[in-house]
J.: 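A single structure is presented below for examination.
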Amino acid sequence: MGTLDMSELLHLHAEQRGVRPPLRKSREIQGNVLAAFNKDHQQFRFLRFTDGKLGRTWLAAMIGYLSVTADVEDFNEAFSLGRAMFGGDPQTLKATWANLSLTAEGLVKLAVNPSAVTEDLRRRDPELWVGAEARADVTGDDPEEWLFGRSEQRIHAVVTVASDCTERLQAVDTVLDLLDDLLGVVKVHQELGETLPGPLKGREHFGFKDGISQPGIRDFHEEDPHRPGHRLGHAGALLVKPGEFVFGHDTERGDESDRTARWLHNGSLQVIRRLTQDVEGWREALRDHADALGTTPDEVGALLIGRHRDGRPLAAPADPALGLGPDRNDFDHADDPLGERTPCAAHIRKTNPRAFTYRTPAQRRILRRGIPFGPPHEQDPHAERGLLFVAHCTSIREQFEFQQRVWANNPEFAGGADGAPTGTDPVIGGTGGARFGGTDLAFPRFVRTTGALYALVPSMSTLRLL
Ligand code: HEM
């Protein structure tokens, strides 16, 4: 049993008085949940504890390496200040951060009271409890192909280390290897994520700008005084209640904190998926379909994603006065019920149908924290490559799995008017096809799941009390 430090005591004191500590400077919520690491180099260490007691000692040592939301926010503020003062990115400002998640099995292994933890987890998130492998029929995966996440691997923890420079990442890797060896922690698997080099920075391997549309978070992001409910400076980013991503805060369904065990508060569910991309297959299909449609491969790609490669959406802006930049998000497809501009099967419409979302759109959102792995196709066409997809939410079934199962994999779901032409999501849906620009296009699978895991990123207090 650990002890509380001063920041946690202040936090508890504030909560007892009914005062909410500001989320931006939270020292309770780990980094990369609300405040993205956004680092070019990220290592994912998949670990197994051989002994609960040694595991708790390991955890006590690991806590010193973990970053919290306030660390990431302070860095971002310093970075923006440096940019404003020197007119460019401050090259000397660098950081290395880590966060830690535990699978259901890992939480039980470390818990002093395993039966209480088991009961709370089962009640709060049955999908976390059973794990990603047991849900493979729901997500449409074949665990035989997985490099991590199969039950026999018995993964208990994932440490994500993120850094601006490879040397620092390697140094931390060496230290963590020593710590693991010392305390009987087995490294079952490891992944390395790297942003793509040069002009491809910020793109995924099919060549499209990624990480554009993220929900704004109430009490964390500033509200636009002229557009209530929207994030300041991010046209079209609706402010979603923080409880959609972090336990113990207001959700779109009402305040659920009473339903959630105290030790889960300020924790977040994490979905990790290794998604291998067949770039050659994708490009070939674009060329073939371009011939059939009498257009260019780039135009076909834009129809499949719903945005051009540079990020410009196909949708018309809800408010033309807000500009037409690549990061534009101020559209909701309400003016396009049949998918004539943005096909109903396009990836961004399948995963966020906006005005056509069943229930409140905000209840289906996820925070995406993915990073590519493997070299660009041009550098080594034969290497494996893809996306280490990481998402945060507070209900795996209602948020991540809903997007994947009910929307992306479902050939009937249109995200438009009843009967609008649709099909499966060409990026992440199963083998299938969809209707684009009035023509039916068939696809093989360009993205295969080669690893998957569900975990909890606990609050700092909970980690200290384990
Ligand atoms: C958006 C690519 C997997 C959910 C995007 C965008 C791209 C992209 C290029 C548009 C840029 C942006 O708004 O950030 C990919 C690729 C994937 C992949 C290449 C696999 C290799 C997934 C998965 C999910 C997902 C597994 C969830 C089940 C989303 C969501 C958006 C998005 C929610 C934002 C839609 C919006 O709000 O407009 N993705 N994605 N993606 N993707 Fe994916």
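Each ligand, and each atom within it, is numbered from 1 in the order the structure gives. FYI, the numbering just counts along the sequence from 1.
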J.: Taking the basic N atoms (NZ, or NE/NH1/NH2) and the acidic carboxylate oxygens, is any pair closer than 4.0 Å for D137 and R405?
T.: no
J.: Below 3.5 Å, N or O to N or O, backbone or side chain included: is there any such pair between Q403 and ligand 1?
T.: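 No - when backbone and side-chain N and O of Q403 are compared with those of ligand 1, no distance drops under 3.5 Å.
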J.: Could you see which bit of R307 sits under 4.0 Å from ligand 1, with heavy atoms only: side chain, backbone, both or neither?
T.: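 Side chain only.
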J.: Starting from atom 36 (C) of ligand 1, find the nearest protein heavy-atom neighbour and note its residue, name and distance.
T.: S213 OG, 3.2 Å
J.: Parallel, tilted or perpendicular: which fits the ring planes of W282 and F206, with parallel below 30° and perpendicular above 60°?
T.: parallel
J.: Can you list the ligand 1 atoms lying under 4.0 Å from a non-hydrogen atom of F400?
T.: 28 (C)
J.: Indicate yes or no: does an N/O atom of L275 lie under 3.5 Å from an N/O atom of ligand 1?
T.: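 No, there is no polar N/O contact under 3.5 Å.
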J.: Starting from atom 11 (C) of ligand 1, which protein heavy atom do you reach first, and at what distance in Å?
T.: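 Going atom by atom, the protein heavy atom closest to atom 11 (C) of ligand 1 ends up being K209 O, 3.3 Å.
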J.: Among all protein heavy atoms in this structure, tell me which lies nearest to atom 6 (C) of ligand 1, with the distance rounded to 0.1 Å.
T.: D210 OD1, 3.7 Å
J.: If we only count N/O pairs under 3.5 Å, is N329 in contact with ligand 1?
T.: no
J.: Do the side-chain N and O atoms of W97 and N32 include a donor-acceptor pair separated by under 3.5 angstrom?
T.: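 Looking only at side-chain atoms, N32 and W97 do not form any donor-acceptor pair under 3.5 Å.
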J.: If you take the centroid of each ring, where Trp contributes its six-membered ring, are F44 and H189 closer together than 6.0 Å?
T.: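 When the ring centroids of H189 and F44 are compared, they turn out to be at least 6.0 Å apart.
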J.: Below 4.0 Å, non-hydrogen atoms only: which portion of R354 touches ligand 1? Side chain, backbone, both or neither.
T.: side chain
J.: Could you tell me which atoms of ligand 1, counted from 1 in the order shown, lie closer than 4.0 angstrom to a heavy atom of G211?
T.: 12 (C), 14 (O)
J.: Both conditions, 6.0 Å and 45 degrees, for the charged tip of R354 above the ring of F331: are they met here?
T.: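 Relative to the ring axis of F331, which defines the angle, R354 lies inside both limits.
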J.: Within a strict 4.5 Å, meaning less than it, do heavy atoms of the R309 and K209 side chains meet?
T.: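 Answer no - side chains too far apart.
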J.: Which atoms of ligand 1 sit under 4.0 Å from any heavy atom of Q404?
T.: 26 (C), 28 (C)
J.: If you measure only the distance, is there a donor-acceptor pair under 3.5 Å linking the side chains of Q277 and H205?
T.: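 Q277 vs H205: no donor-acceptor pair found between side chains.
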J.: Looking at ligand 1, is there an atom of it that comes within less than 4.0 Å of some heavy atom belonging to G386?
T.: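 The answer is no: ligand 1 sits nowhere under 4.0 Å from a heavy atom of G386.
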J.: So if I count the atoms of ligand 1 from 1 in the order they appear, which ones are less than 4.0 Å from some heavy atom of N352?
T.: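 In order of number, 35 (C), 36 (C), 37 (O).
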J.: So, T139 and Q404: side-chain donor and acceptor under 3.5 Å apart, yes or no?
T.: no
J.: When you compare ligand 1 with R368, is there at least one nitrogen or oxygen pair between them that comes in under 3.5 angstrom?
T.: yes
J.: Quick one: does H347 get an N or O within less than 3.5 Å of an N or O on ligand 1?
T.: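 Yes, H347 has an N/O under 3.5 Å of an N/O on ligand 1.
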J.: Any nitrogen or oxygen of I212 lying under 3.5 Å from a nitrogen or oxygen in ligand 1? Just yes or no.
T.: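 Right, the criterion is met.
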J.: Among all protein non-hydrogen atoms, which one is nearest to atom 3 (C) of ligand 1, and what is the separation to 0.1 Å?
T.: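 It is I428 CG2, 3.4 Å.
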J.: Report the distance from atom CZ of R349 to atom CZ of R307, rounding to the nearest 0.5 Å.
T.: 13.5 Å
J.: Considering only non-hydrogen protein atoms, determine which one is nearest to atom 19 (C) of ligand 1 and report residue, atom name and distance to 0.1 Å.
T.: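 Checking every protein heavy atom, the shortest distance to atom 19 (C) of ligand 1 gives E204 OE1, 3.2 Å.
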J.: Will you find, in the side chains of E133 and S151, an N or O donor that is under 3.5 Å from an N or O acceptor?
T.: yes
J.: Return the residue, atom name and 0.1 Å-rounded distance of the protein heavy atom closest to atom 30 (C) of ligand 1.
T.: T351 OG1, 3.3 Å
J.: Specify the protein heavy atom at minimum distance from atom 16 (C) of ligand 1: its residue, its atom name, and the distance to 0.1 Å.
T.: V427 CG1, 3.7 Å
J.: With a 4.0 Å cut-off on heavy atoms, is R365 in contact with ligand 1?
T.: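 The answer is yes: ligand 1 sits under 4.0 Å from a heavy atom of R365.
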J.: So, R448 and T276: side-chain donor and acceptor under 3.5 Å apart, yes or no?
T.: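 Side chains of R448 and T276: no pair found under 3.5 Å.
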J.: Give me the residue, atom name and distance of the protein heavy atom closest to atom 10 (C) of ligand 1.
T.: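 That would be I348 CG2, 3.7 Å.
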J.: Between F208, W407, F389, F446, flag the one that comes closest to atom 22 (C) of ligand 1 by a heavy atom.
T.: F389
J.: Tell me whether the NZ or CZ atom of K39 lies within the 45° cone about the ring axis of F75 and under 6.0 Å from its centre.
T.: yes
J.: Can a side-chain donor-acceptor contact be found between S26 and T69 if the only test is distance below 3.5 angstrom?
T.: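 On atom types as modelled, these side chains do not qualify, holding no pair under 3.5 Å.
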J.: Parallel under 30°, tilted from 30 to 60°, perpendicular over 60°: which one fits the rings of F400 and F389?
T.: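 Ring orientation of F400 relative to F389: tilted.
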